[in-house]
Trainee: 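I have a structure I would like to understand better, so I am pasting it below and will then ask my questions one at a time.
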Amino acid sequence: MNYKKLISNRLSNFPSVPTDKTGAVIGLLAGLAVGAVIGILFAPNSGKKTREKISDKALDLADNVKDGFHSIKDNFNNGKQSLSGLKNQVVDNVKTKVNTVSQEFKDFRDTELEKAKSAIKNTADDANDAIQNV
């Protein structure tokens, strides 16, 4: 009998394998945890010591998870404060630029207004002189 052909025929009957590896990773981690517990249970220690070890390992795991959570929380808060400081810095920079541009515009407007008034006065004086010379 041709085993390769038989195996390939049987495998072709199965639905296609999804590409999501999340289940495999969870299964691997669960297998590792179960293996560790079984290893401890079959260790040459007494039942009391084994239960103490399991309890200690569970407490260590809980502490590690708690520490990890607090670390993530602290990093989040630090990032939040950094973003807040950056926001304030950007707002201050924008306000400074707006004030600078506003003042420059006012100065430009005043200068041009004076030039226009001077030109009008000169034109009026020239027209007045022309009228008097006639």
Side-chain angles (χ1 to χ4, degrees):
M1 176 169 255
N2 189 352
Y3 291 107
K4 289 182 183 179
K5 189 174 183 180
L6 179 65
I7 291 172
S8 67
N9 285 340
R10 295 290 181 190
L11 290 177
S12 66
N13 291 336
F14 288 116
S16 63
V17 178
T19 58
D20 185 17
K21 305 291 184 205
T22 307
V25 171
I26 291 172
L28 176 67
L29 293 175
L32 288 172
V34 169
V37 170
I38 288 174
I40 291 172
L41 290 175
F42 286 107
N45 292 331
S46 69
K48 183 177 181 180
K49 283 186 180 183
T50 301
R51 286 189 298 274
E52 287 174 0
K53 279 185 177 181
I54 292 172
S55 176
D56 290 343
K57 294 290 182 183
L59 290 174
D60 288 344
L61 179 63
D63 287 341
N64 288 341
V65 169
K66 193 183 299 181
D67 290 344
F69 175 74
H70 287 300
S71 175
I72 291 170
K73 184 179 172 185
D74 291 342
N75 287 339
F76 179 76
N77 286 334
N78 290 339
K80 182 176 156 185
Q81 289 172 354
S82 295
L83 284 176
S84 178
L86 182 62
K87 175 201 62 112
N88 291 338
Q89 204 173 26
V90 168
V91 166
D92 291 343
N93 286 344
V94 168
K95 284 180 180 179
T96 301
K97 293 284 183 185
V98 166
N99 288 337
T100 301
V101 169
S102 177
Q103 187 59 44
E104 288 175 357
F105 176 75
K106 288 176 184 176
D107 294 344
F108 172 76
R109 181 194 64 195
D110 292 342
T111 302
E112 293 302 312
L113 208 70
E114 287 302 318
K115 286 180 184 177
K117 285 180 183 178
S118 177
I120 291 171
K121 186 176 184 286
N122 288 340
T123 303
D125 288 343
D126 290 345
N128 196 14
D129 288 344
I131 290 173
Q132 288 186 7
N133 286 337
V134 173

Trainee: Going by side chain to side chain donor-acceptor pair (under 3.5 Å), name the residues that satisfy it together with Glu114, two or more places apart in sequence or in a different chain.
Mentor: none

Trainee: List in chain and number order the residues that pass salt bridge (Lys or Arg N to Asp or Glu O under 4.0 Å) with Lys115, two or more places apart in sequence or in another chain; answer none if no residue qualifies.
Mentor: Glu112

Trainee: Quick test of your reading: applying salt bridge (charged side-chain N to carboxylate O under 4.0 Å, His left out), list the pairs with at least one residue in residues 117-134, sequence neighbours left out, ordered by first then second residue.
Mentor: Lys121-Asp125

Trainee: What pairs meet the salt bridge (charged side-chain N to carboxylate O under 4.0 Å, His left out) rule with one or both residues in residues 61-71, with sequence neighbours excluded?
Mentor: none

Trainee: How many angstroms lie between atom CG of Asn75 and atom OG of Ser82, to the nearest 0.5 angstrom?
Mentor: 10.5 Å

Trainee: Under the salt bridge (Lys or Arg N to Asp or Glu O under 4.0 Å) rule, collect the residues that match up with Lys73, sequence neighbours excluded.
Mentor: none

Trainee: Tell me every residue that passes side chain to side chain contact (heavy atoms under 4.5 Å, CB included) with Val101, counting only those two or more places apart in sequence or in another chain.
Mentor: none

Trainee: Treat each ILVMFWY residue as a node, draw an edge where side-chain heavy atoms are under 4.5 Å apart, and state whether Val34 and Leu61 are in one component.
Mentor: no

Trainee: Keeping to residues at least two apart or across chains, list the side-chain hydrogen bond (donor to acceptor under 3.5 Å, both in side chains) pairs with something in residues 84-109.
Mentor: Gln103-Asp107

